[in-house]
Number of protein chains: 2
Amino acid sequence: MDQNSLPPIQTTARDDAVLKALVGFVRAEALQPGERLPTERILAERLKVSRNTVREALTRWEGLGLVERRQGSGTYLKAAVSPDMLHMPLTLAGGNDFTSLMHTLEIRRALEAEAAALCAERASPADIAEIKRKLDIMEQAFRTRDGMSSEEDWEFHQAIYRVSGNPLFEQIIAAMHELFHRFWEHPLGVRDFGHASFPYHRTIYECIAARDPQGARAEALKLIATVEDDLKRGAAKLKLSSQT
Amino acid sequence: MDQNSLPPIQTTARDDAVLKALVGFVRAEALQPGERLPTERILAERLKVSRNTVREALTRWEGLGLVERRQGSGTYLKAAVSPDMLHMPLTLAGGNDFTSLMHTLEIRRALEAEAAALCAERASPADIAEIKRKLDIMEQAFRTRDGMSSEEDWEFHQAIYRVSGNPLFEQIIAAMHELFHRFWEHPLGVRDFGHASFPYHRTIYECIAARDPQGARAEALKLIATVEDDLKRGAAKLKLSSQT
DNA sequence: GTGGTCCAATGGTCCAACCAATTCTGCACG
DNA sequence: CGTGCAGAATTGGTTGGACCATTGGACCAC
């Protein structure tokens, strides 16, 4: 007898069922990332479950980065969802010390270079225009505020990851990025962080626009190298000040 | 004015606080994975928060695979926790899809190459001997069983990640590896998987032993290229058979 | 316009009870 | 004495209802 013809019955899987229904809703309404999904109260009423159950389900999605909740405003879709998503939550024993930061940078160096190369291979004219737009915004912010364009800088990089066609780049580097920034301004208050890396953003873009994967890879490596330099200088300064 | 001198204030973060307290508890009691942690009701009472809040916090941890809840039994620790963990939730749209596997391979290509290069830079003589040992075991298994040495193959690669000095390589690639194998043998029954990649294991080792980072990187890229080839061939075969 | 006030909508928290699965307990029976 | 089973106690899962905190828009006085 085929054992697979008797799947275990699901007497309780309320929140899972809620998520499945939500996937169906998102697809039916063709919701795009950034759009708002129904109120918790409405979901609870429509699905005939308690609001608490809806909340547990949404908490799961929030933990997976699929959704973002803003009190007083609503719950917003943050990424595309599909019925057969595969979740691979990975928690690493990080550390807020210098070597841990260097480790994340080594990962980022590998991924950033590959993403830039893939991006140069696959970018459509529209993609290139979008990347240029982000680059302009970033350079503008950099000149206006004289450095500290971290937000726009990050958006530029994200655009590259997206055009690479592989969502894993963005997801993995986003985790690194968060750790990095959580640690950056607080312990090491390096004011001019990002100054050194600034010119390479444009060179990366130029290589992508020229469809030059190897060039893009090389420029990305240079960019990360400047960040590693900044980090080392910051750590040295920190060590010095702690000795006084 | 420096815009970063006014960070957003943090007024409420209940469930986050619960998790932080829980991390403290686990460390204070030196709880090991597998052990049970206090009841939701007890936690709620001790932390002076509602049981609902405790549940939301635990739901987060459950989603991250840090904890397992068994109704009627209790909540059990599933992995070590630390105050500064790095969460990296990866979600792939389209589970056993060809493109998903290709995406994991792109990540692996980037990381594998970087790890091999770092390994060649940093390996001590003892490290090199250890890698050679794994290589010999793998080659032996390959010849004896004529292919299908996936277990020993994996150990060889893990040795390289370890010698690279960056634990993130092993952890991230391990997650990919697990995903990859879960879908490999099942949908695409490619018997001779790994045959093509076999010779490159030795060439990688030789570059590492010769302290040649660029060579190691190049050989690692060749290895992944063969795996990508196998995957494409398997997918083509699958597509063909599904058309009959 | 500008700024302030109010108000409705929405996520966050709390409470108290009950349901469902599991585990423990103790008694009856062999 | 052990064995098995019924029932109690424990524990996570769900419910419904209430209130708080934040948000954002509407409205109004200046």
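Naming convention: chains lettered A, B, ... in sequence-line order (proteins, then strands); numbering from 1 in each chain.
Side-chain atoms of Arg36(A) come within 3.5 Å of backbone atoms of Ser73(A) as a donor-acceptor pair (strictly under, hydrogens ignored). Thr59(B) places a side-chain N or O within 3.5 Å of a backbone atom of Arg55(B) that can act as its donor or acceptor partner.
In terms of heavy atoms, Pro199(A) sits closest to Ala196(A) at CD-O, 3.4 Å. In plain terms, the two heavy atoms of Ala116(A) and Ala216(A) that are nearest each other are O-CB, 3.7 Å.
Inter-residue side-chain proximity for Glu40(A) and Leu58(A) is flagged as met; some heavy-atom pair is nearer than 4.5 Å. Considering only heavy atoms from C-beta on, Thr91(A) stays 4.5 Å or farther from Met88(B) through its side chain.
Near DNA chain C, meaning a heavy atom under 4.0 Å away, there are no residues from residues 25-33 of chain A. Proximity of residues 50-64 of chain A to DNA chain D (heavy atom under 4.0 angstrom from any strand atom) is restricted to Ser50(A), Arg51(A), Asn52(A), Thr53(A).
One interatomic measurement links the two molecules: CG of Leu47(A) to C1' of dT14(D), which rounds to 14 Å at whole-angstrom precision. If you take OH of Tyr76(B) and C1' of dT10(D), they are 11 Å apart, rounded to a whole angstrom. Atom CZ in Arg14(A) sits roughly 13 Å away from atom C1' in dC18(C) (whole-Å rounding). Distance CG (Leu43(A)) to P (dT15(D)): 14 Å, rounded to an integer number of Å. As rounded to whole Å, 12 Å separates atom P of dG12(C) from atom CG of Asp16(B).
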Report, one pair per line, the protein and nucleotides 4-10 of chain C atoms (nitrogen or oxygen only) whose separation is under 3.5 Å.
from    : atom 1 : to       : atom 2 : distance (Å)
dT10(C) : OP1    : Arg36(A) : NH2    : 3.0
dT10(C) : O2     : Gly72(A) : N      : 3.2

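Remark: Asp15(B) pairs with Arg60(B) by the salt bridge (charged side-chain N to carboxylate O under 4.0 Å, His left out) rule, at least two apart or across chains. Considering only residues two or more places apart in sequence or on other chains, Arg46(A) meets the salt bridge (charged side-chain N to carboxylate O under 4.0 Å, His left out) condition with none of them.
The ring-ring contact (aromatic ring centres under 6.0 Å, His included) contacts involving residues 157-179 of chain A comprise Trp154(A)-His177(A), His157(A)-His201(A), His177(A)-His181(A), where partners must be two or more places apart or lie in separate chains.
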Starting from the C-alpha separation in whole Å, work towards a yes-or-no answer on side-chain contact (heavy atoms from CB on, under 4.5 Å) for Leu90(B) and Met176(B).
CA-CA 10 Å; Leu90(B) 307 181; Met176(B) 308 271 151; 3.9 Å; yes

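A cation-pi contact, defined as under 6.0 Å to the ring centre and within 45° of the axis, is absent between Arg69(B) and Tyr76(B).
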